[in-house]
Amino acid sequence: PTSTRTNYSLTGWSINNTIYSPNTTVTISDSTTATAVWLQLCAYSIGQTWNYDYTGGAQTFTVPTGCTGTYKLEAWGAQGGRLTLSPYEGTGGSGAYTSGQLNLENGNQMYVYVGGKGSDGSSSRSTILVAGGYNGGGSNGSYDGLSSAGGGATDFRIVSGNWNDNNSLISRIMVAGAGGGSGISNTGAPGGLNGGIVANLYGENGSQITGGGPGTGYTHNSMSTAGGFGYGGNSGYYGTGAGGSGYYGGGGGNHITPVTSGGGGGGSSYVSGAMGCITVTSANNYLPKSGCANGTTDITCSYHYSGYI
């Protein structure tokens, strides 16, 4: 009988409900049936990559049969939108980069949410919606079309659902924070472990345990909002920036008369098993793990409830 099969390894022969190793000598009669026992091998070579581009929706990776092993996960948060009002143009904050290695088994599934870039502000006054980037980027709240939107975070989850489904957000094991939208003549804050730029009118950055608050020191129609778990805050009035999404999102920027406006705060990043990160309490509770605070040096604070580290 044949003992070769593409992408399979012969592990033995089944004879009368007994498994014999491939090199065992067995005496059988003419009517005895010997059935080969195969183990499917991984059809991919070490170094194989799977790339997931932006689609505006969740995507699924399933570990191929026979491909149990260690996988490297990488994520890039999206950039925030830019202010286009001449001559006060600004640049959206850049997204963060995260990476880590994870042991996965046959059939395990990961849900990939690739963040979208925040929309640029209009070059003229209007009340149009400037939409935040997919996966939680803050918007202008339809207040002021000059304002720019926050970028969307990129993350890996073990529970599928809409991007803002709470159980799905809790299941995130890696998050790359997004950049905030820009204000007048400045740059939105970049994403990072705890966001980036912190300054007066800027929205605060998301941290490991809370979203960033709205910009302070304003004199003109504060309409910006704080970021939260998985989303950036909306921008304020007149050429401000919205917060980037992240593990926790950044807050929206605010305006001071006559022409000074802050960019949005950057979203925070999270990696299970990385020093300085803080996980959720449980699969049903998004609050930070008890006893863990920003700046922690206890690596167990980062360990996700799923055991993926």
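Residue numbers run from 1 in the order of the sequence given.
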If only side-chain N and O atoms count, and only distance matters, is there a donor-acceptor pair under 3.5 Å linking Thr70 with Asn103?
yes
Going by atom types alone, do Thr24 and Ser21 pair a side-chain donor with an acceptor below 3.5 Å?
yes
Can you list the steps and then say if Gln208 with Ser268 is a side-chain contact (heavy atoms from CB on, under 4.5 Å)?
CA-CA 7 Å; Gln208 290 297 300; Ser268 60; 4.1 Å; yes
Is it the case that more than 12 heavy atoms not belonging to Tyr88 sit under 6.0 Å from its OH atom?
no
Would you call the rings of His304 and Tyr270 parallel, tilted or perpendicular, where under 30° means parallel and over 60° means perpendicular?
tilted
With a 2.5 Å cut-off on the SG atoms, do Cys277 and Cys301 make it?
no
If the plane angle is over 60° it's perpendicular, under 30° parallel, otherwise tilted; pick one for Trp50 and Tyr44.
perpendicular
Distance check, rounded to the nearest 0.5 Å: Asn234 atom CG versus Ser147 atom OG?
10.0 Å
Would you check if the distance from the ring center of Tyr113 to the ring center of Trp163 is below 6.0 Å?
no
Flag if over 12 foreign heavy atoms under 6.0 Å of CZ, Phe61
yes
Where the side chain of Asp120 meets the backbone of Arg82, is there a donor-acceptor pair that is under 3.5 Å apart?
yes
Is Glu204 reaching over with its side chain to a backbone N or O of Gly213, donor-acceptor style, under 3.5 angstrom?
yes
Nearest non-hydrogen partners of Ile158 and Tyr305, listed with the distance:
CD1-OH, 4.2 Å
Is there a ring-ring contact (aromatic ring centres under 6.0 Å, His included) between Trp13 and Tyr20? Walk through the geometry before answering.
CA-CA 5 Å; Trp13 295 92; Tyr20 298 91; over 10 Å; no
With a 3.5 Å cut-off and no angle check, do the side chains of Asn254 and Ser224 form a donor-acceptor pair?
yes
Can you confirm if the NZ or CZ of Arg172 lies within 45° of the ring axis of Tyr111 and under 6.0 Å from the centre of its six-membered ring?
no
Any side-chain heavy-atom pair from Pro288 and Ile278 closer than 4.5 angstrom?
yes
